[in-house]
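A short worksheet on the structure shown next.
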Amino acid sequence: MEINIQKKVLEANDTEADINRTFFNDQNVFVLNMMSSPGSGKTQILCRTLAKLMPDVRVGVIVGDICTTNDADRLKVTGAKVTQINTDKFGGDCHLAANLIIASAKQLGCEDLDFLIVENIGNLVCPAEFDIGEDAKVVVLSVTEGEDKPLKYPLMFRVADVAILNKIDLLPYLDYDAKLAVDNMKQVHPHLPVFEMSGKTEEGLEAWLDWLKIKVFEKTGK
């Protein structure tokens with residue numbers, strides 16, 4: 001019974017995701033779904049990314065959290081268009097479903113955007129299961145997490161189009177094998193591009209920015 005219920009939920013979500021995808025294609029907007037466990041540093045990466053991309057690229061951000069607007073408040077400082085989705089109002093879901101995205105995207109005004117980022121709720125399980133109509137998925141893993149996370153949560157890394165290994169500035173102070181972490185990602189998803197970077201110092205940020213610019217250009221021609 002639980003499997004059947006889950007199947008129905010995912011089928012309904014996929015229908016909504018297809019509607020979203022058509023809308024984003026009509027609006028000529030590249031959409032990125034950014035996922036990770038809590039504390040990986042994805043908001044910091046986004047702050048650095050937005051500062052480098054704007055104003056040449058017009059960016060909007062949908063921020064998902066169960067409670068608070070803390071991350072959205074940090075991102076608004078960059079000057080990007082930002083809107084918040086809190087799931088505590090409808091059960092505290094640990095992911096953003098497709099039906100929540102379209103209203104927020106329209107609120108941001110996609111006709112004035114080239115690039116829409118969805119900062120999903122911190123969780124390495126549920127967000128991987130829910131298509132939201134995005135063009136690409138990115139998963140962020142930090143060096144303060146275990147090297148085995150890709151093996152423990154394989155679906156997240158399997159569905160990702162690109163991965164980031166963040167907080168490499170901390171490697172001198174940690175007993176952490178970055179090569180093993182990347183190898184584990186590749187074991188799950190052999191051709192997964194992985195960018196090793198520091199959202200704090202910006203080391204390795206340029207390769208990530210180059211990838212994004214190519215993807216936005218491929219979608220928008222801008």
Side-chain angles (χ1 to χ4, degrees), residues 5-36 38 42-43 45-47 49-50 53-54 57-76 78-140 155-156 159-162 212 215-222:
I5 290 171
Q6 178 69 1
K7 183 177 179 181
K8 289 180 181 179
V9 169
L10 291 176
E11 285 177 349
N13 183 83
D14 288 346
T15 298
E16 294 286 348
D18 287 339
I19 293 171
N20 292 358
R21 191 169 288 108
T22 298
F23 172 77
F24 293 133
N25 287 340
D26 289 344
Q27 295 295 319
N28 209 31
V29 177
F30 176 75
V31 182
L32 182 73
N33 185 0
M34 194 165 194
M35 302 176 289
S36 77
K42 62 182 180 294
T43 303
I45 291 172
L46 286 181
C47 288
T49 298
L50 295 176
L53 291 181
M54 299 188 305
V57 178
R58 300 174 299 173
V59 188
V61 186
I62 296 172
V63 180
D65 270 310
I66 296 175
C67 297
T68 82
T69 62
N70 293 349
D71 292 342
D73 293 340
R74 289 174 62 192
L75 290 165
K76 285 177 182 177
T78 68
K81 290 185 173 183
V82 180
T83 189
Q84 176 79 50
I85 298 175
N86 286 131
T87 64
D88 64 325
K89 300 173 183 177
F90 37 90
D93 285 351
C94 55
H95 63 276
L96 294 180
N99 67 307
L100 300 176
I101 299 300
I102 193 71
S104 294
K106 290 180 178 178
Q107 179 183 338
L108 283 176
C110 283
E111 65 277 4
D112 296 324
L113 297 179
D114 305 310
F115 182 22
L116 175 64
I117 302 166
V118 178
E119 184 181 1
N120 221 309
I121 296 172
N123 185 336
L124 282 177
V125 182
C126 300
E129 299 177 345
F130 286 81
D131 182 5
I132 59 172
E134 69 275 80
D135 293 291
K137 295 178 174 71
V138 56
V139 57
V140 181
L155 181 63
M156 175 63 74
V159 302
D161 297 285
V162 64
L212 278 178
K215 292 299 181 181
V216 172
F217 179 80
E218 287 176 347
K219 180 72 179 282
T220 68
K222 300 177 182 178

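These numbers come from the heavy atoms of this one structure, side chains and all, not from hydrogens, waters or symmetry mates. The shown structure was predicted, so the numbers you read here are calculated from the model rather than taken from an experiment.
Of all heavy-atom pairs between Met54 and Val57, the closest is CG-O, 3.5 Å. Smallest separation of non-hydrogen atoms from Ala80 and Val59: CB-O, 3.8 Å. Minimum heavy-atom separation, Ile121 to Asp93: CD1-O, 3.3 Å. Residues Leu116 and Ala105 share a closest heavy-atom pair of CD2-CB, 4.1 Å. The two atoms that bring Ser104 and Ile62 nearest to each other are CB-CD1, 3.8 Å, heavy atoms only. Across all their heavy atoms, Ile85 and Leu96 have their closest contact at CG2-CD2, 3.8 Å.
Rounded to the nearest 0.5 angstrom, Asp26 CG and Cys110 SG are separated by 11.0 Å. The CG atom of Leu32 sits 6.5 Å away from atom CG of Leu212, with the distance rounded to the nearest 0.5 Å. For the atom pair Leu10 CG and Asp131 CG, the distance stands at 10.0 Å (nearest 0.5 Å). A distance of 4.5 Å separates SG of Cys47 from CG of Leu75, quoted to the nearest 0.5 Å. For the atom pair SG of Cys94 and CG of Asn120, the computed distance is 9.5 Å after rounding to the nearest 0.5 Å.
Sequence neighbours left out, the pairs with a member in residues 81-92 that pass side chain to side chain donor-acceptor pair (under 3.5 Å) are Thr83-Gln107. Within the structure, salt bridge (Lys or Arg N to Asp or Glu O under 4.0 Å) contacts touching residues 57-75 (residues at least two apart or in different chains) are Arg58-Asp114.
By the side-chain contact (heavy atoms from CB on, under 4.5 Å) test, Ala97 is found to be paired with Asn13, His95, Asn99, Phe130, residues two or more places apart in sequence or in another chain being considered. Residues satisfying the side-chain contact (heavy atoms from CB on, under 4.5 Å) criterion with Ala128, sequence neighbours excluded, are Leu155, Met156, Val159. Not counting sequence neighbours, Ala103 has no partner by the side-chain contact (heavy atoms from CB on, under 4.5 Å) test. Judged as a side-chain contact (heavy atoms from CB on, under 4.5 Å), and not counting sequence neighbours, the contacts of Asn20 are Phe24, Ala98, Ile101, Ile102.
At least one side-chain heavy atom of Asn25 sits less than 4.5 Å from a side-chain heavy atom of Lys219. Considering only heavy atoms from C-beta on, Asn70 stays 4.5 Å or farther from Thr43 through its side chain. In this structure the side chain of Glu134 reaches within 4.5 angstrom of the side chain of Arg21, judged on heavy atoms. Within the 4.5 Å cutoff, no side-chain heavy atoms of Leu113 are placed close to those of Gln27.
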| Intermediate values then yes/no, side chain to side chain contact (heavy atoms under 4.5 Å, CB included), Phe23 and Lys106 | CA-CA 10 Å; Phe23 172 77; Lys106 290 180 178 178; 3.8 Å; yes
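At least one test fails for Lys222 against the ring of Phe115: distance under 6.0 Å to the centre or angle within 45° of the axis.
Salt bridge absent: Asp135 and Lys215 never bring a charged side-chain N and a carboxylate O closer than 4.0 Å.
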